[in-house]
Amino acid sequence: MEVQERLNDVVSRIRASEQAAKRAENAVTLVAVSKTFDADAIRPAIAAGQRVFGENRVQEAERKWPALRLETPDVELHLIGPLQSNKVADAVALFDVIETIDREKIARAVSAEMKRQGRILRLYVQVNTGLEPQKAGVAPEDTAAFVELCRGELAMRIEGLMCIPPVDENPGPHFALLQKLAGECGLDKLSMGMSGDFETAIAFGATSVRVGSAIFGAR
């Protein structure tokens with residue numbers, strides 16, 4: 001199956017999941033995760049109409065997206081992997097959305113860099129719903145205070161929350177927790193769900209799903 005066929009299949013599944021969950025049509029945005037795939041692998045998805053893409057690493061994105069964006073200027077690029085301090089300036093210059101604001105140091109650096117560059121990015125706070133020590137993200141109980149810091153003192157445009165549930169657990173409770181936290185913070189955007197569980201995420205209110213291997217194939 002080609003990229004365009006797999007993309008169409010994923011979009012059909014998203015629309016069916018919206019319907020099953022009694023959500024509005026097109027309530028869910030597909031973020032096509034193109035990490036590890038080169039420009040030639042990405043172009044068929046763009047040709048099929050996909051415009052929102054996610055990358056895990058700033059350096060990798062810098063190698064392929066400037067040229068792709070010259071070809072297709074209306075592409076929207078999301079950083080969905082951890083952001084290191086030394087890559088903040090590059091990330092602010094390249095991405096439209098950063099989904100992985102996960103600690104005060106990074107929040108302050110991104111806020112300062114946006115002012116320096118005169119750019120306003122849309123931002124998500126990453127929540128470590130499973131409290132996994134190896135995984136980035138704010139603890140659930142610290143989320144409200146962290147969002148308030150970002151929106152208040154740092155004047156950042158926090159539009160939603162993002163999570164990556166533990167791989168060996170039922171994702172449903174994690175999606176439900178993120179939905180609850182977003183409600184408490186007055187946020188209406190939820191980035192949750194990947195190739196193996198995006199239909200479940202949509203049932204729990206996801207407004208964007210991050211799907212890679214189901215579109216581009218195994219890495």
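Along the sequence shown, the residues carry numbers beginning at 1.
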Participant: From I14 CD1 over to I202 CD1, what is the distance, rounded to the nearest 0.5 angstrom?
Facilitator: 5.0 Å
Participant: Is the closest basic N to carboxylate O distance between R6 and E2 below 4.0 Å?
Facilitator: no
Participant: Can you confirm whether more than 12 heavy atoms, excluding those of R57, are under 6.0 Å from its CZ atom?
Facilitator: no
Participant: Over all heavy atoms of both residues, which pair between Q4 and A47 is shortest? Give the atoms and the distance, please.
Facilitator: NE2-CB, 3.8 Å
Participant: Taking the side chain as every heavy atom from C-beta outward, state whether V97 and K189 have any pair of such atoms under 4.5 Å apart.
Facilitator: no
Participant: So do L123 and M114 actually touch side chain to side chain, heavy atoms under 4.5 Å?
Facilitator: yes
Participant: Below 4.5 Å, heavy atoms only, C-beta onward: do C163 and F175 meet side chain to side chain?
Facilitator: yes
Participant: Run the salt-bridge test on K64 and E55 with the 4.0 Å N-O cut-off and return the result as yes or no.
Facilitator: yes
Participant: So, R119 side chain and E113 main chain: donor-acceptor pair closer than 3.5 Å or not?
Facilitator: no
Participant: Same cluster for L154 and I98 if Ile/Leu/Val/Met/Phe/Trp/Tyr side chains link at under 4.5 Å?
Facilitator: yes
Participant: Quick check: does any side chain N or O of Q50 sit under 3.5 Å from a backbone N or O of L7, one acting as donor and the other as acceptor?
Facilitator: no
Participant: Quick one: does any side-chain atom of E18 pair with a main-chain N or O of A27 as donor and acceptor, under 3.5 Å?
Facilitator: yes
Participant: State, with a plain yes or no, whether a side-chain heavy atom of E159 is found less than 4.5 Å away from one of L187.
Facilitator: no
Participant: Tell me the closest heavy-atom pair linking V31 and S208, and the distance in Å.
Facilitator: CG2-CB, 4.2 Å
Participant: Less than 4.0 angstrom from a charged side-chain N to a carboxylate O is my criterion; do R13 and E199 meet it?
Facilitator: yes
Participant: Would you say the side-chain atoms of K135 pair up with the backbone N or O of I164, donor to acceptor, closer than 3.5 Å?
Facilitator: yes
Participant: Check step by step if side chain to side chain contact (heavy atoms under 4.5 Å, CB included) holds for V127 and L178.
Facilitator: CA-CA 8 Å; V127 182; L178 199 73; 3.7 Å; yes
Participant: Are V52 and L68 linked, directly or through other ILVMFWY residues, by side chains that come within less than 4.5 angstrom of each other?
Facilitator: no
Participant: Out of curiosity, does V211 fall in the hydrophobic cluster containing M192 (side-chain heavy atoms, cut-off under 4.5 Å, transitive links)?
Facilitator: yes
Participant: Taking atom types as modelled, is there a side-chain donor on Q134 or E132 under 3.5 Å from an acceptor on the other?
Facilitator: yes
Participant: Do you know the tightest heavy-atom contact between P165 and T129?
Facilitator: CA-OG1, 4.3 Å
Participant: Assigning hydrophobic clusters by single linkage (Ile, Leu, Val, Met, Phe, Trp, Tyr; side-chain heavy-atom cutoff under 4.5 Å), is I101 placed with L77?
Facilitator: yes
Participant: Shortest non-hydrogen contact from F146 to V138?
Facilitator: CD2-CG2, 3.5 Å
Participant: Hey, does L161 have a side-chain heavy atom less than 4.5 Å from the side chain of V147?
Facilitator: yes
Participant: Kindly compute the distance separating SG (C185) from CZ (R151), expressed to the nearest 0.5 Å.
Facilitator: 7.5 Å
Participant: Could you tell me the separation between the OG atom of S85 and the CZ atom of R108, rounded to the nearest 0.5 Å?
Facilitator: 13.0 Å
Participant: Test side chain to side chain contact (heavy atoms under 4.5 Å, CB included) on E62 and L94; report intermediate values, then the result.
Facilitator: CA-CA 7 Å; E62 284 179 313; L94 181 63; 3.8 Å; yes
Participant: In Å, rounded to the nearest 0.5 Å, how long is the span from NZ of K180 to OG1 of T143?
Facilitator: 10.0 Å
Participant: How many angstroms lie between CD in Q179 and CD in E184, if you round to the nearest 0.5 Å?
Facilitator: 11.5 Å
Participant: Report yes or no: does N128 contribute a side-chain atom to a donor-acceptor pair with the main-chain N or O of L131 at less than 3.5 Å?
Facilitator: yes
Participant: So, E99 side chain and Y124 main chain: donor-acceptor pair closer than 3.5 Å or not?
Facilitator: no
Participant: May I ask you to test the H78-D96 pair for a side-chain heavy-atom distance under 4.5 Å?
Facilitator: no
Participant: Would you find a donor on one side and an acceptor on the other, under 3.5 Å apart, between the side chain of D197 and the backbone of M194?
Facilitator: yes
Participant: Are the side chains of Q59 and D90 in contact, using a 4.5 Å heavy-atom criterion?
Facilitator: no
Participant: Could you pull out the closest heavy-atom pair between A107 and C150, with the gap in Å?
Facilitator: CB-SG, 3.9 Å
Participant: Ignoring hydrogens and geometry, is there a side-chain-to-backbone donor-acceptor pair from R69 to V75 under 3.5 Å?
Facilitator: yes
Participant: Using a 3.5 Å distance criterion without hydrogens, assess whether the side chain of T100 forms a donor-acceptor pair with backbone atoms of Q126.
Facilitator: no
Participant: Which atom names give the shortest non-hydrogen contact between A61 and F95, and what distance separates them?
Facilitator: CB-CZ, 3.7 Å
Participant: Output yes when a side-chain donor or acceptor of S195 lies under 3.5 Å from a complementary backbone atom of A214, and no otherwise.
Facilitator: yes
Participant: Got more than 12 heavy atoms from elsewhere within 6.0 Å of CD, E71?
Facilitator: yes
Participant: Kindly compute the distance separating CD (E60) from CG (D38), expressed to the nearest 0.5 Å.
Facilitator: 9.5 Å
Participant: Side-chain heavy atoms nearer than 4.5 Å, only ILVMFWY residues, links allowed to pass through others: does that put F198 and F216 together?
Facilitator: yes
Participant: Stepwise, does the side chain to side chain contact (heavy atoms under 4.5 Å, CB included) test hold for T207 with V28?
Facilitator: CA-CA 4 Å; T207 56; V28 180; 6.0 Å; no
Participant: So, are R122 and E76 salt-bridged, with charged N and O less than 4.0 Å apart?
Facilitator: yes
Participant: Do the side chains of L30 and V10 get nearer than 4.5 Å, heavy atoms only?
Facilitator: yes
Participant: Yes or no on ring-ring contact (aromatic ring centres under 6.0 Å, His included) for F53 and W65, after CA distance, side-chain angles and deciding distance?
Facilitator: CA-CA 10 Å; F53 291 85; W65 279 104; 5.1 Å; yes
Participant: Assess whether atom CD of E169 is packed by more than 12 heavy atoms of other residues, nucleotides or ligands within 6.0 Å.
Facilitator: yes
Participant: For the pair V125 and M162, evaluate side chain to side chain contact (heavy atoms under 4.5 Å, CB included) and give the outcome as yes or no after the intermediate values.
Facilitator: CA-CA 6 Å; V125 167; M162 178 267 227; over 6 Å; no
